[in-house]
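Some notes on the structure that comes next.
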Amino acid sequence: MTAVEQAPVADTTDVAETIDPASGQLDKLPRRHSVLRMSEVRAAELMDSDPIDGENDQTMLMNMGPSHPSTHGVLRLMLELDGETVVRSKPVVGYLHTGMEKTAETLTFLQGPTNVTRMDYAAPLFNELVFSLATEELIGMEVPPRATWIRMLMCELNRISSHLLFMATNGMDLGAVSMMIYGWREREQVLRFFQKVTGLRMNHNYIRPGGVAADLPDGWRDDVLALMEMLPPRLEEYDILMTGQPIWRDRLQGVGVISQDEAIALSATGPILRSTGVAWDLRREMPYLAYPDVDFDIVVGSYGDSFDRYAIRLNEIRESMRIVHQCLDMMPEGDYRAGDAKVTPPPRARIDESMEALIHHFKIFTEGFKVPEGEVYVAVESPRGELGCYMVSDGGSHPYRMHIRGPSFVNLQTMPHMMADSLIADAVAVISSVDPILGEVDR
Amino acid sequence: MGEPYLRDGVDFGDVLLAVGKAVIAFAVLLVAVMLMVWFERKVVSRLQNRIGPNVAGPFGLFQTLADGIKLFFKEDIIPDRADRFVFQLAPYLALVPAFLTFTVVPIAGDFSDGQNGAVTIFGRETFLQVADAPVGILFFLAMSSLAVYGIMLAGWSSGSKYPLLGSIRASAQAISYEAALGLSLAAVLLVTGTLSTNEMVQVQAGEGFGGIVPRWNLIVTGFVPFVVFLIAGTAELNRPPFDLVEAEQELVGGFHTEYSSIRFALFFLAEFMNTVTLSAIIVTLFLGGPAGPNFGFLPGWLWGFVWFFAKLLVFLFTFVWFRATLPRLRYDQLMDLGWKVLIPVSLGWLLVLSAVRLVRNGQIDITGDSFLDAALVVLVSIGVLVLGAVLLSLAIRSARRERLALAGERDPLSSGSLVAAAEGGRD
Amino acid sequence: MVDLLVFLVSAAIILGGAIGVVLNNHPVRAALSLVASFFGVAVLFVAQGAHFLAFVQVVVYAGAIVVLILFVIMLLGVDRTEDIRFEPLAGQRSAAAVIAGMVLALVLGGLFLSGPGGSDGAVALTGTKSRTAPISQLNESDADVQLLAEDLFTRNVLAFEATALLLTIATVGAVVMVRNRGAEEVVVDEPGTARG
Amino acid sequence: MEVTETWYLVLSALLFSIGFFGLLVRRNPLVMFMCIELMLNAVNITFVAFSTALDDIAGRTAVFFVLVVAAAEVVVGLSLVVAIMRRRPALTADDLTALKG
Amino acid sequence: MADDTETADTETAETEAADTEAADQETAEEAAPEVETAYGCPVTYSRGQKVIHPSRGEWLDVAVQLLADGWNMCVDVTSVDYLSYGVARELPAGVNAERFEVVASFISHSRAERIRVRIQVPGDDPTVGSLYALYPGSDYLEREVFDLMGISFEGHPDMSRILMPETWQGHPLRKDYEVGVIPVQFKAPAGKGSE
Amino acid sequence: MTLITNVQDQGLEGLDHNVITAPIEQLVNWARARSSWPATFGLACCAIEMMATGGSHYDLARLGMEVFRASPRQADVMIVAGRVSQKMAPVLRQIYDQMMEPKWVISMGVCASSGGMFNNYAIVQGVDQIVPVDVYAPGCPPGPETLLHAITTLHTKIETGELLQRRQETGAGANLTVEQLDGQGVSQVVQIGKKA
């Protein structure tokens, strides 16, 4: 992995120059007509009368989803087509709306991660992390270093598994069926490690306010090392199968192009923003956990097309592996959760010997702990971009209001701009390269 | 020339023989399709580190049977908006050409030592193919151009949008690749000098180069027509990476989205039958069909079958391999490949081949300095080729520039370099 | 006997297909009838020993021309049925029928009045026998192809080149005509146009 | 009963008349195309019939040319239709008055 | 939503952008906490994060200044319903607590900083100016707030429901909306007959 | 001819049962159990696990089920993988309706089965309110092993014909009524009744 270091790391200072301070950012969307603004009722009327005569002349409306193989779950796209060319489009979301923000208000802070972990189900640990960080910020508590490093280790592994999932679905969407299976194959190995640590393959509820749910199991180091040995040759395989593949390149290069200005104006974060050349990664720019202590590069693209986004994710796997290696080296000994008795349940051993500990344990899990009133916004860099949590507490044991800023949700806005004037096949590639997780979009 | 048993009039026995051969061919084809589906699923599974079907019968061999029975007994529906007559007709239109093409393929017979592959059944001499039409290869072309009707009409008659897009794609694809297919076929016709499949096999069964390398058209025509034919054939089959017609990720199921039950099974059958048939045609055209050395201990005609089957398997595997490996092309890329690469290449190659042929047959006066004349002819034809290639590339480039100017967009690939970030991890 | 059967069946298909083309109010079905008609013609060609032409007929007509027509129908979405009971010009139908009938009468009259049936009749209709390249001389089954090629590339080579030119020009012309100049502007979405 | 070329000629005449009638009656430009193809096919039948009767290959050569010309005609005609119908999909031949003086 | 609103907003953005005082922020940081202002609005710090509190009227002007001052991305727009908030709210002097609060977060890529804006919105007139013309990325976020909280953004091009079905009644995230189980609302969208 | 009308009305299920039809039914059940193609209906977290089940570690293909059909017309089993929102419910039902008989539903995960932890305004509390469910797979999300178990359970049920009986009791799904086997599990005369 000598070449990873060569990944270009852009300087953030030149970002400022690209932004014209004089005007609103709406002007930066040259293709803003590409957003189809049409109510579903109206669309349903038009869809019955195909092809649309009169006002829209040659175009027809087509519905993609919500149950369509390439819409990553339940995304629905209303496409206005001219032949096979997408003229305008409108992503319709909400088919997986779960009311998690409302549910969060009925759950204690300790139960909270159980709820949020089901948002971005491809990267559940990040949801737990951002929720826990927000809670800890409200309480103002310190987390022991081992917990921090465990969180970092697990999150980076989760980033790897999430990007592997992207590799799989991206391959599938473009017709490379074997890539799909290969992606799952590698992801499965990561999940097995997760299962060993957290007891679950997904939706772990592992990172909790105050630390993590359990210490790393015996032999975890060997498991991680095995993973790290397994991955590089597999990534090389992907390079052979896809990166260097002429058809693959033709399908992705120059497809779904978005400019830097557009991406910023549309509040895109994560690989989409980075694909346009903006080296913006919260791990570097607004560090949390122990990211200042580890060495890694931000992978940026230069064309803002789907291939860049693919390549960024592929190389971010490699960067994450670097971080994981450093986590292995620097993992401190110590407690895996905060000693704060108000927040942390007593150790299992003490419950058996002490009645007080039992009562304490009972109270924490039934009533929860109180969190000082106030509001806070905390964000982490999830595999899809800025995952933020805005939390308001009224001093009780439940969040008064919990809002998650899902990167997929916001990134969806770039989709109509990317797929305007391209073919349906490109639209599929664009959806895939945005990599939306609908659970997080709809929450 | 032509079927031996037809030479001296037709009696009842001849008819019986013909019918019998047709029935056997159909049965062989059906079994082949059944095994092909199983083979494909198994091979793809192995390529993907999986096991593949293994519950239905030993090694999952009856998987296709189970699928077929299930589909046969599934509820059938004709959508409200469908054109009922055409909707019902389409699956058969897809299936019939697939089978008919197989009738001109010689599947067995002893072609060693200059034999013509004929066997004697019930006192009648006959070839081991349903019919040796005098223009058998043209028959294949005609059938492959008809095969698109099933797909086209299926998509159109379903009365909904995804299938319609599928059928538009199908028709454009069929027209584009038919030309390349025909042109690469012309190269084969040029060197063999016959339109009959049986004679084609006989020609290829001849003494090989140096006695070792077979006289296959694959070598005689210089590989290029073979490659073009394979690519164009894959496109005609609508198999990956050219399966835009049914592209699941884009068009749900493409033309067969609205089909269920037995009608869907017919499409399924037609698709795999076409695969088998096309592989058989490739084997016949380029790899000498059933021709091959006769090692004894088996009846001579059976050796033909063994060779034929072995060659067939290579191509069936190739098609499965394509499916497991390659991403799907985009619609416009498919058209570009067909019109801007395959057709010019096959046309140019045909030109070179005919130049060489012309010289070798002595139709140009090469009594004097034969080598110089030969070189002249070849040089001229290559010159024409180069000129054509330059003109074509110029035209393509200018068209591209114009299109970009119209679109008023930057060309993300204009710098020619690839994304730095992508390359970052390797070198 | 077999010949007769083949002729009658294919003639029925040809004429049935032709009538289908004229009377079907749906363009796609008309196209399908057309294919049937072409098929019948191909069968008749085979019956007369013109194998090559028969298959070229199928490849070109059924495989390319009708596919192209269907492609255009589907592309433009003009597959709505046309109400053929409506007659835009009064008396057009009957006038057309009369004219067509007259054409038929003219041809048939010419045919039957000019002489007796059989090959002599044909000679009478067309003039003398030229006998440039007798087909029946060769007993090969692909004589058709060889003779055709010889005829095409010797005596008719100029015409052959001319048709090649014609095809090229037609293709170029078609491309130029259909090319979308991108003139149409898309409706720009501005606030207020929403909620349609 | 022997099938002589007269049979073919009658068939051809019928086919031609039907195509001719359709051309005059139908208003959908695409169907009109099909009718023209029918007429061309009628001619083809005649050519082949004469070629067989006269034992002369020239008739078949002519069919070959007819095929090529038909292809060219369809290409040009369809592109015209596409160019026009793109703007007005509900077009009939009656509406094609752009060249009217 | 009317065309005029948005074009007017854009114009304001352009004219006012010029005379933005970059010094504002510096003075704000130096000044004593109780009178600290930025962009003409009171500033508070919540867990070390900077929050400004413009009124509804000032809000869009402030947004224009924010954009001009390099806060180039609007990362989040959300809202809180303080209907049943048990304790007194920490708000700077001069800001009246209302039922709703719209919270927008901005980021400056060049400075790697965040700023948060909280706007009080009365319960009887839940409308507020839209950021869309300035920050098109607020599009979905504002629709989400409209959908779940019922706060309408003036000047947004498509103020419609985004997560809930179009025919849905009520705004679920309001505190007076029940959490609990409801019977399946099972009907086809208006305009299509049920099948 | 009640036989013919029965078959016309109800397809194979309309056959009376006798010595000849019983083996056919066994064969059909065998085929259905080994070739139950799932519809792609991934919703949430469970969808990821469902796809993981198709991966090389678990390999749904062994059961002949890697053929995920995007078109509901060709699918046999709908695996409802994930929480069903109020907005999704009509779509789900529509897709179920588009599937052809015989069809089965696996409710994968607690969210689909009962609403799971999301007992709120947005989530349908159990997909069985919308479509008849044959097998429930517990878990949040159920691991691939659980899903495989659910699938094999369904296959067993298909093969023994147990499902038809259940439908008779509940009147749900296909509205088929069955007088089913006696307690011994030996196939007796089974009458598959009429559509309600």
Side-chain angles (χ1 to χ4, degrees), chain B residues 37-38 40-57 59-80 82 158 160 162-163 166 246-265 267-268, chain F residues 7-15 21 24-37 39-40 53-77 95 97-104 148 151-152 155-156 158-159 174 176 195:
Chain B
V37 176
W38 171 81
E40 166 149 341
R41 287 170 79 167
K42 271 298 203 199
V43 170
V44 167
S45 291
R46 297 314 308 192
L47 289 173
Q48 295 172 347
N49 291 17
R50 295 187 287 124
I51 297 168
N54 67 352
V55 174
F59 309 108
L61 265 172
F62 299 148
Q63 187 60 52
T64 323
L65 198 67
D67 288 343
I69 294 174
K70 179 211 68 176
L71 281 172
F72 190 83
F73 287 111
K74 204 162 165 64
E75 185 189 356
D76 194 9
I77 197 176
I78 299 174
D80 263 357
S158 298
S160 64
Y162 286 114
E246 42 194 309
E248 192 167 282
Q249 282 71 33
E250 295 152 31
L251 302 181
V252 183
F255 65 94
H256 61 58
T257 306
E258 296 289 341
Y259 279 86
S260 63
S261 185
I262 191 68
R263 287 188 230 285
F264 171 68
F267 278 121
F268 206 72
Chain F
V7 174
Q8 274 174 345
D9 288 348
Q10 295 144 38
L12 185 78
E13 276 76 9
L15 279 177
T21 54
I24 291 182
E25 184 172 311
Q26 278 175 9
L27 181 71
V28 172
N29 281 340
W30 173 86
R32 282 176 178 169
R34 270 150 194 82
S35 165
S36 30
W37 296 349
T40 46
T53 315
S56 37
H57 287 265
Y58 303 100
D59 195 17
L60 266 183
R62 288 178 297 127
L63 308 168
M65 282 185 73
E66 86 272 41
V67 201
F68 276 88
R69 298 314 304 181
S71 166
R73 302 251 185 242
Q74 297 143 14
D76 306 292
V77 181
I95 288 177
D97 287 341
Q98 282 173 350
M99 285 168 65
M100 299 287 102
E101 290 288 349
K103 52 190 170 188
W104 296 277
L148 278 173
I151 287 170
T152 43
H155 285 175
T156 318
I158 294 172
E159 208 167 349
L176 293 169
K195 272 184 186 174

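Chain letters run A, B, ... following the sequence lines, proteins first, then strands; residues in each count from 1.
Looking at B/Gln48, only its backbone comes within 4.5 Å of chain F, counting heavy atoms on both sides. In this structure, no portion of F/Ala33 lies under 4.5 Å from any heavy atom of chain B. Heavy atoms closer than 4.5 Å to chain F are found nowhere in B/Phe72, neither backbone nor side chain.
By number of non-hydrogen pairs under 4.5 angstrom with chain F, the leading residue of B/Val44, B/Leu71, B/Ile51 is B/Ile51.
The side chain to side chain contact (heavy atoms under 4.5 Å, CB included) search around B/Phe268 returns B/Val37, B/Phe264, B/Phe272, not counting sequence neighbours.
Using a 4.0 Å cut-off between a side-chain N of Lys or Arg and a carboxylate O of Asp or Glu, F/Glu159 and F/Arg32 do not qualify as a salt bridge. A salt bridge is absent between F/Asp76 and F/Lys103: the closest approach of a Lys/Arg side-chain nitrogen to an acidic carboxylate oxygen does not fall below 4.0 angstrom.
Using modelled atom types, one finds a donor on one side chain and an acceptor on the other under 3.5 Å when comparing F/Ser35 with B/Asp67.
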